[in-house]
Engineer: 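I have a structure I would like to understand better, so I am pasting it below and will then ask my questions one at a time.
Every heavy atom of this structure was used, including side-chain atoms; hydrogens, water molecules and symmetry mates were not. Just so you know, ligand 1 is whichever comes first in the structure, and atom 1 is the first atom listed for that ligand.
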Amino acid sequence: DMIVFGSINLDLLLSVPSLPEPGQTLLALDSQTAPGGKGANQAVAAAQDGASVRMIGAVGQDGFADAALYGLKQAGVDLSAVRQVQDRTGLASICIDHEGRNHIVVAPGANRAVRAAWIEDNRLLPGTVLVTQMEVPPDETAAALHRAKQAGMRTVLNLAPAVSLPLETMRSVDILVVNEDEAAWLARHLQTDDSAAALHALLGSTVIKTLGADGVHIANAEATTSLPAFPVSAIDTTGAGDCFVGVLAAALERGASTIEAARRALVASALCCTQPGAQTASPAQHEIEAALR
Ligand code: ADP
């Protein structure tokens, strides 16, 4: 099975007439809760595309836990390694104005308790895929990546949000996925330029830089390849990056090449932009296949 090591949150979405100023009390036009967290979103995207996914993560002991886990359960993700710890469930408060601008506050809560040691040795199987992001403690993410690599697994790191990891850890990653902001941050940090090719040259990992409606750049030992986005009329790009990573990993787990996996992930992430929300917008396998034809 594929392993997703990462965050689980409950998103609280508030549509506001304008973004809040200090001291201001605003009446929201609408509110909604939705399961979120980059780890959970990626696990759901992979499972919806047919992967057997085991989630390693944590929720709190409060009324938000079940709501945060709802999408994972619906998608059939194995939650037996997800722990309920003595903290609050991760919560993201997201204000969105008319123009789609947002104001986001994330309280990590239980995500701070996630440990690499929760991955059992007998689940680290050669050839399977480990997917990580940066919403749980960086030291634990690094430890999970090292253990997976030693066991002969393929490792995917989505450096979101951009947080520093030891260079040795970055270099051990098979596939690094960054968006344009994360690539710019990483390039400053490594004192190189922010192209996929420059990051690949420095790290040795295959680097996939996602460019929103402009698709992706992929740099590996053979070449740098540009793949265009799959054309759609986007209504909500929330979770598109997570959908890309989840479906990429699902395809790699089934034995696809990096380019094949990226083509599938481009289709899935574009379809994700045609529906509101993150997990609810992740396409089903048959929808991805239909669009690929
Ligand atoms: P993030 O959401 O993490 O900031 P991007 O904006 O780069 O990342 O989007 C991730 C992927 O989602 C893109 O590489 C692309 O495949 C897809 N995507 C995003 N926006 C669009 C769009 N308007 N049309 C088609 N695909 C899109």
Engineer: Under 3.5 Å, is there a donor-acceptor pair between the Ser195 and Asp193 side chains?
Structural biologist: yes
Engineer: Return a table of donor-acceptor pairs under 3.5 angstrom between the side chains of residues 12-22 and protein atoms on other chains or two or more places apart.
Structural biologist:
none

Engineer: Between atom CG of Leu157 and atom OG of Ser205, what is the distance when rounded to the nearest 0.5 Å?
Structural biologist: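 Going from CG on Leu157 over to OG on Ser205, the span is 8.5 Å.
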Engineer: For a quick check: using heavy atoms under 4.0 Å, what are the residues in contact with ligand 1, sorted by chain and number?
Structural biologist: Asn179, Thr210, Leu211, Gly212, Ala213, Gly215, Val216, Ala229, Phe230, Val232, Ala234, Thr237, Ala240, Gly241, Leu266, Ser269, Ala270, Cys273
Engineer: If we only count heavy atoms from C-beta on, is the Leu79 to Val77 side-chain gap below 4.5 Å?
Structural biologist: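 Leu79 vs Val77: side chains touch.
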Engineer: Counting only heavy atoms not in Phe64, do more than 12 sit closer than 6.0 Å to its CZ atom?
Structural biologist: no
Engineer: Counting distance only, does the side-chain N/O of Asp174 pair as donor-acceptor with the main-chain N or O of Thr155 below 3.5 Å?
Structural biologist: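 Looks like yes, one N/O pair under 3.5 Å.
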